[in-house]
Amino acid sequence: FENAEQAILAYQKQSFPLIFVDVGLPGMDGLQFCKWVRAQPNGSKAFIMVATAKGQPPDMSVILDVGANDFLPKPYEVTALGVRLTVAERQMKDFFRRTELEESLRQSQEDYQRILEIAQEGACRLDAEARVTAINAQLCAMLGREAKEMIGKPVTGFFGESAREDLAQVLSDQKDGKEVKREIRFQRKDGSACFAHLSAAPLGEEGAGFKGSLWVLADVTSRKNLESELQETRERLESQLKDVQAEL
């Protein structure tokens, strides 16, 4: 393109992974054009190489400040340009690979967040150190705590002393890549017990190491209390029956 204005019109219709721009363009100069490209939604996905004239710009650091990846001083040979383009291609392959991984990670985090939000049960996400990184309102209500009290804190702080051994086994199984389903006892902020059925799945691809886990907890405290009451009633009736039999 003869000038930056023509290049802008073309760039608005399609993106270009490689941009070779002269500093001394008529109208908008090459440095201003670099800044414009970087300000676009996909501007970070382009590799920008700047051709510089002798003494232009006076401070070469300005080229990097406007977002250019590399520069080539004039006069340059085609061979030198070919070498720089080969280097640029390798760098862009690494960049796109890293960008894809970042996008995949971002999408996974959004998926986990949606799971937390729509789950009817309590749910939370833990990192590799068993710290809470996300939690939904249902689990906060179960534990009588606010999310800000739990985010970034080790999940071990929300268990009673009697459950520490069970917790250690759960985390050990998770690090071994195992899914866990079991009843476990939490401790509410007021100190009362909260029984829940835990379904825990490790995060991270197989062979990539333990990245954390996703926990879903169904509150079974009411059921546990009912079972306890039934057991007490049974024991009382059995005691009364023994007394009656002894009288007979």
Side-chain angles (χ1 to χ4, degrees), residues 44 90-91 93-228 231:
S44 63
R90 292 175 180 173
Q91 291 182 357
K93 284 182 178 179
D94 291 339
F95 171 80
F96 286 127
R97 188 179 300 113
R98 185 171 64 253
T99 301
E100 289 175 359
L101 291 174
E102 290 174 351
E103 176 62 24
S104 177
L105 176 61
R106 185 190 63 80
Q107 186 61 50
S108 296
Q109 291 174 338
E110 290 181 355
D111 291 342
Y112 291 138
Q113 190 61 39
R114 281 196 292 270
I115 291 173
L116 294 180
E117 291 172 356
I118 66 176
Q120 298 297 317
E121 296 83 5
C124 65
R125 186 173 68 238
L126 310 179
D127 64 13
E129 303 300 325
R131 292 186 296 260
V132 178
T133 58
I135 188 168
N136 67 357
Q138 290 86 337
L139 185 52
C140 289
M142 285 171 59
L143 301 179
R145 299 174 183 268
E146 296 183 15
K148 62 183 180 181
E149 298 179 65
M150 305 178 69
I151 297 296
K153 304 290 180 59
V155 73
T156 51
F158 313 116
F159 286 76
E161 290 294 334
S162 60
R164 294 298 170 88
E165 187 175 338
D166 291 340
L167 174 62
Q169 185 61 52
V170 169
L171 295 176
S172 176
D173 289 343
Q174 294 272 272
K175 290 180 180 179
D176 290 339
K178 300 177 183 177
E179 294 186 0
V180 176
K181 293 185 178 182
R182 62 180 301 169
E183 283 190 5
I184 201 159
R185 174 176 175 168
F186 281 83
Q187 184 171 318
R188 293 191 178 95
K189 188 175 182 179
D190 62 7
S192 61
C194 176
F195 296 92
H197 184 273
L198 169 66
S199 297
L203 303 178
E205 297 180 1
E206 187 175 353
F210 179 65
K211 301 295 184 182
S213 55
L214 182 65
W215 286 17
V216 177
L217 300 108
D219 191 346
V220 295
T221 305
S222 297
R223 193 199 74 193
K224 295 291 289 187
N225 290 340
L226 182 58
E227 289 176 351
S228 178
Q231 181 63 26

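One-based numbering along the sequence shown. Given the structure is predicted, the values throughout are model-derived calculations rather than measurements.
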Handout entry: side-chain contact (heavy atoms from CB on, under 4.5 Å) against D190, all qualifying residues, sequence neighbours excluded
Key = R188, S192

Problem - K181: salt bridge (Lys or Arg N to Asp or Glu O under 4.0 Å) partners, not counting sequence neighbours - result: none

Exercise for the section: Could you name each residue pair satisfying salt bridge (Lys or Arg N to Asp or Glu O under 4.0 Å) that touches residues 126-152, not counting sequence neighbours? Expected result: D127-R131, E146-K148, E149-K189

Problem - Residue list, side chain to side chain donor-acceptor pair (under 3.5 Å) with T133, at least two apart or on another chain - result: R125

Handout entry: CD1-SG distance between I184 and C194, expressed to the nearest 0.5 angstrom
Key = 11.0 Å

Practice task
Heavy atoms only: give me the nearest L214-C124 pair and the separation to one decimal.
Solution key: CD1-O, 3.5 Å

Exercise for the section: With sequence neighbours excluded, tell me which residues meet side-chain contact (heavy atoms from CB on, under 4.5 Å) with K153. Expected result: F158

Exercise for the section: Report, as yes or no, whether the 6.0 Å neighbourhood of atom CD on E179 holds more than 12 heavy atoms from other residues, nucleotides or ligands. Expected result: no

Problem - Verdict with reasoning, L126 to Q174, per side chain to side chain contact (heavy atoms under 4.5 Å, CB included) - result: CA-CA 11 Å; L126 310 179; Q174 294 272 272; over 6 Å; no

Practice task
Hey, could you give me the CG/CD distance between D219 and E121, rounded to the nearest 0.5 Å?
Solution key: 10.5 Å

Handout entry: Shortest non-hydrogen separation from V220 to H197 and the atoms involved
Key = CG2-N, 4.1 Å

Exercise for the section: May I ask you to test the W215-V170 pair for a side-chain heavy-atom distance under 4.5 Å? Expected result: yes

Handout entry: Separation of C140 SG from I135 CD1 (nearest 0.5 Å)
Key = 4.0 Å

Handout entry: Flag, side chain of N136 to backbone of A123, donor-acceptor distance under 3.5 Å
Key = yes

Completion exercise
salt bridge (Lys or Arg N to Asp or Glu O under 4.0 Å) pairs touching residues 168-178, sequence neighbours excluded, are none

